[in-house]
Amino acid sequence: MRLNLSSEIVLNKVSSEFYNPRTAVERSEITRMEKIPTNIFPSVEKGVRYIARQIAEEIESRQREGRFCVLGLGTGLSLTPVYEELIRKHKEEQLSFHNVVVFNAYEYYPNTNESKVKSINQLKARFIDHVDIEPNNVFTPDVTIPQDQVQEHCRLYEQRIKSFGGIDIMLLGIGRNGNIATNLPGSTMTSTSRIILIEPVTREEMTMSFGSQEQVPPCSITLGISTILSARKIFLTAWGEEKAEIIQKAVEGMISDQLPASFLQTHNGAHVVVDLPAAGRLTRIIHPWLVASCKWTDKLVRSALVWLCQLTQKPILKLTNKDYNENGLSELLALYGSAYNANIKIFNDLQHTITGWPGGKPNADDTYRPERAMPYPKRVIIFSPHPDDDVISMGGTLRRLVEQGHDVHVAFETSGNIAVGDEEVTRFMHFINGFNQLFADSSDKVITKKYQEIKSFLASKTEGDLDTRDVLTIKGLIRRGEARTASTYNDIPLDHVHFLDLPFYESGKVEKNPMGEEDVRIVQQLLQKIKPHQIYVAGDLADPHGTHKKCTDAVLAAIDEEKNANAEWLSDCRIWMYRGAWAEWEIENIEMCVPMSPEELRHKRNAILKHQSQMESAPFLGNDERLFWQRAEDRNRATAKLYDDLGLACYEAMEAFKEYVPL
């Protein structure tokens, strides 16, 4: 069973020579915008194997010399698959780590010996405890010491690194603000190991470990930039499109203390290792025509013309031969004969993505429509990772599908219970208890007992405490009720509303369990029951908490299993990916765009507002201060404005989709 198919979704499908050049000359040509050697792999697995192989070779080389191999290790989530591959090499290929010395890159401060949330504990759980590294060869900053002793402790920590001959390989992830270890914006290239204040973006990222920003200690002790740069080799890893923008800035941008990862440009042994989605903003991937001759596909031509329109601030049909020649697109003039021919081709392509009939228009010529006319009506499943993503991401399209007579089902994949605040539980428990008192004279002892238990638990709960199963169940019920209300508002029958409660989500923590076969089977059973003609699935792979990606992987794996079983229904089914809360499709990737009138946009907002627990008190809004309905409206209006700027139809708002073809 293939459980990671979303990692194979590559939006910028350039020729392989742009990420796997055949010769050194080709590499030199296509990477001339890059200031750090960057290796791009078509999948996370291949990138991970490359890094693990480099580390293994260094360890074995040092073993032959009878010397220690010193590793500086971070604990970012991007490093976890690297550790898993090293563990596999240890167990299956007998790679020994007996000569390895580990220095932890950073540790939260202040902290206590009793605290379970420590960077070193994460490193042990993900790697060290599974291989034969000597415990005495593992070093980490002491975060229990008084603050006035930290500076001296950092000096001794660096001295210990030097006593082992320095760091041979430094393995790092990159934060959303460009931090390496916890060297945050403002860190200088000469900085040594020190205490540093953790700023809001990094605190938000750390909620995966702590459960809430309030629980994240105010500071950390980190290896300094100069300490990291003293390593003989440095590997910086990133996976997924959520890291694409920061990777582009670190690799192609100017060296700046506002982006600490950019200091790696000064190191001769630094290497960036990414998958194609994480490389998606590098020039050779997103604008390959600027570095080499291209094999021009329709999609690449569309991407180039949209870029040219934005550069010249002209609509498509006003681009001239001069615009093409002056901006590196003369190849297209040779290919199409003139700017006019290229312009009209792409104008028509974009025009054909617009449809008011997302389920297909019955009894109409569908030659140039994104969806086929028949069958009609269609059976439709909308998979929603959380109980509000359906209306946030495609509320207008959902409404259209219902109004146009299609048989619409909504499948809420997770309970969403951890994203409900305690005050919501208190409010609902007060109602239940009051109902019991008013209409049953408090005769229901179960309600009375549970009310007292939960009231007592919430009163004594401290930041970081995990909710009891009863509290999580109530939070899940709150979100179910909101989802039912929103579905009813959109005229979806309640027997068409499915709560899948995928098991991977039920960890009780922000950091979820791995998505597995049990999750896939639940999705597969629903597909077999409905036999849909259309599937809508989240393509929001930039979701910082990872739930969307796991939910998407569950759906894609279920479709893959059905494909392998030669399911008849799948041959007559199309799969559309939507976005919404975290990002929007770039226009060159849009294959269906559904316009909304002002009234329809207002209706979408009302459906989102039915999810009251996710308004101002929602715990996980990310680093975007706008509420979810505001994000959705802004993105939908921005998509409509982009179509308008390109000289196409002008609408109030638009929802965009990209087709997924089973791999």
Side-chain angles (χ1 to χ4, degrees), residues 36-39 47-76 78-90 93-107 119-120 123-124 126-141 154-174 180-181 183 189 191-193 222-238 260-261 263-273:
I36 308 175
T38 302
N39 291 329
V48 161
R49 286 198 291 269
Y50 170 79
I51 298 173
R53 186 167 62 251
Q54 301 295 313
I55 294 173
E57 288 174 359
E58 185 72 19
I59 292 171
E60 290 172 338
S61 173
R62 294 283 171 164
Q63 286 173 357
R64 289 190 294 270
E65 297 169 359
R67 299 169 60 188
F68 287 116
C69 181
V70 183
L71 304 180
L73 301 179
T75 56
S78 64
L79 303 181
T80 299
V82 179
Y83 296 143
E84 291 172 347
E85 175 63 11
L86 289 171
I87 292 168
R88 186 198 66 78
K89 280 182 170 292
H90 171 67
E93 300 177 10
Q94 289 72 55
L95 173 64
S96 176
F97 293 80
H98 71 270
N99 68 321
V100 169
V101 176
V102 170
F103 284 92
N104 188 17
Y106 69 91
E107 188 57 273
S119 173
I120 190 62
L123 189 54
K124 287 179 178 179
R126 294 172 187 174
F127 175 48
I128 294 172
D129 288 347
H130 305 278
V131 295
D132 60 340
I133 296 176
E134 293 290 337
N136 291 337
N137 288 345
V138 178
F139 301 97
T140 189
C154 289
R155 187 187 68 80
L156 293 173
Y157 194 63
E158 296 218 346
Q159 186 174 319
R160 176 162 282 167
I161 293 173
K162 293 176 183 176
S163 72
F164 281 97
I167 295 172
D168 293 305
I169 295 179
M170 191 80 214
L171 186 58
L172 298 166
I174 183 170
I180 47 177
N183 290 284
M189 191 162 64
S191 62
T192 56
S193 297
T222 182
L223 291 181
I225 298 290
S226 68
T227 316
I228 290 170
L229 294 178
S230 70
R232 293 174 183 84
K233 293 182 182 177
I234 302 172
F235 289 101
L236 181 73
T237 68
F263 290 126
L264 298 184
Q265 295 178 20
T266 67
H267 194 287
N268 289 332
H271 299 270
V272 172
V273 181

Engineer: Taking all non-hydrogen atoms of both residues, which atom of K89 and which atom of A56 are closest, and how far apart?
Structural biologist: CD-CB, 4.2 Å
Engineer: Using residues 161-173 as the side-chain source, report each donor-acceptor pair under 3.5 Å to any protein atom, sequence neighbours left out, with the distance given to one decimal.
Structural biologist:
| from | atom 1 | to | atom 2 | distance (Å) |
| --- | --- | --- | --- | --- |
| S163 | OG | R160 | O | 2.6 |
| D168 | OD1 | R62 | NH2 | 2.8 |
| D168 | OD1 | R232 | NH1 | 2.9 |
| D168 | OD2 | V70 | N | 2.8 |

Engineer: Is there a donor-acceptor contact under 3.5 Å from the side chain of H130 to the main chain of L86?
Structural biologist: no
Engineer: Pair Q159, L156 - check side-chain contact (heavy atoms from CB on, under 4.5 Å), show working.
Structural biologist: CA-CA 5 Å; Q159 186 174 319; L156 293 173; 4.2 Å; yes
Engineer: Would you check, one step at a time, whether the test side-chain contact (heavy atoms from CB on, under 4.5 Å) holds for F68 with N137?
Structural biologist: CA-CA 10 Å; F68 287 116; N137 288 345; 3.9 Å; yes
Engineer: E107 side chain to S119 main-chain N or O, any donor-acceptor pair under 3.5 Å?
Structural biologist: yes
Engineer: Could you go through V272 and N39, starting from their C-alpha distance and side-chain angles, then the distance that decides it, and tell me whether this counts as side-chain contact (heavy atoms from CB on, under 4.5 Å)?
Structural biologist: CA-CA 6 Å; V272 172; N39 291 329; over 6 Å; no
Engineer: Does any donor atom in the side chain of T192 or S226 lie under 3.5 Å from an acceptor atom in the other side chain?
Structural biologist: no
Engineer: Return the minimal non-hydrogen interatomic distance between H90 and F97, and the atom names on each side.
Structural biologist: CB-CE1, 3.7 Å
Engineer: So do L73 and Y83 actually touch side chain to side chain, heavy atoms under 4.5 Å?
Structural biologist: yes
Engineer: Roughly how far apart are I133 CD1 and L123 CG, rounded to 0.5 Å?
Structural biologist: 8.0 Å
Engineer: I need the single residue from I234, L264, L236 that forms a side-chain contact (heavy atoms from CB on, under 4.5 Å) with I36. Which is it?
Structural biologist: L264
Engineer: Quick check: does any side chain N or O of T222 sit under 3.5 Å from a backbone N or O of G224, one acting as donor and the other as acceptor?
Structural biologist: no
Engineer: Before giving the answer on salt bridge (Lys or Arg N to Asp or Glu O under 4.0 Å), spell out for E84 and R126 the whole-Å C-alpha distance, their side-chain angles and the decisive distance to 0.1 Å.
Structural biologist: CA-CA 8 Å; E84 291 172 347; R126 294 172 187 174; over 6 Å; no
Engineer: Working to the nearest 0.5 Å, report the span between CD of Q94 and CG of D132.
Structural biologist: 11.0 Å
Engineer: Between S96 and N99, which heavy-atom pair has the shortest distance, and what is it?
Structural biologist: O-OD1, 4.2 Å
Engineer: Roughly how far, to the nearest 0.5 Å, is CG of N104 from NZ of K124?
Structural biologist: 10.0 Å
Engineer: Output every pair passing ring pair (Phe, Tyr, Trp, His ring centres under 6.0 Å) with a member in residues 47-67, not counting sequence neighbours, ordered by first then second residue.
Structural biologist: F41-Y50
Engineer: Between Y106 and T75, does any side-chain donor sit less than 3.5 Å from a side-chain acceptor?
Structural biologist: yes
Engineer: Ignoring hydrogens and geometry, is there a side-chain-to-backbone donor-acceptor pair from H271 to P37 under 3.5 Å?
Structural biologist: no
Engineer: Look up atom NE2 in H267 and atom CE in M189, then write down how far apart they are to the nearest 0.5 Å.
Structural biologist: 11.5 Å
Engineer: Might you point out which heavy atoms bring I180 and P260 nearest each other, and give the distance in Å?
Structural biologist: CD1-O, 4.0 Å
Engineer: So, taking the atom named NE2 in H98 and the one named CD1 in I59, what distance separates them when rounded to the nearest 0.5 Å?
Structural biologist: 10.5 Å
Engineer: How many angstroms lie between OG1 in T266 and CG in L229, if you round to the nearest 0.5 Å?
Structural biologist: 4.5 Å
Engineer: Salt bridge or not between E58 and K233? Use side-chain N to carboxylate O under 4.0 Å.
Structural biologist: yes
Engineer: Between N183 and S191, is the side-chain contact (heavy atoms from CB on, under 4.5 Å) condition met? List the steps.
Structural biologist: CA-CA 9 Å; N183 290 284; S191 62; 4.0 Å; yes
Engineer: Sequence neighbours left out, what passes salt bridge (Lys or Arg N to Asp or Glu O under 4.0 Å) with R53? Give chain and number order.
Structural biologist: none
Engineer: Does any non-hydrogen side-chain atom of V101 lie less than 4.5 Å from one of F139?
Structural biologist: yes
Engineer: Quick one: are V100 and V102 in side-chain contact, heavy atoms under 4.5 Å?
Structural biologist: yes
Engineer: For E158 and S193, which I'm curious about, is there any donor-acceptor pair between the side chains at under 3.5 Å?
Structural biologist: yes
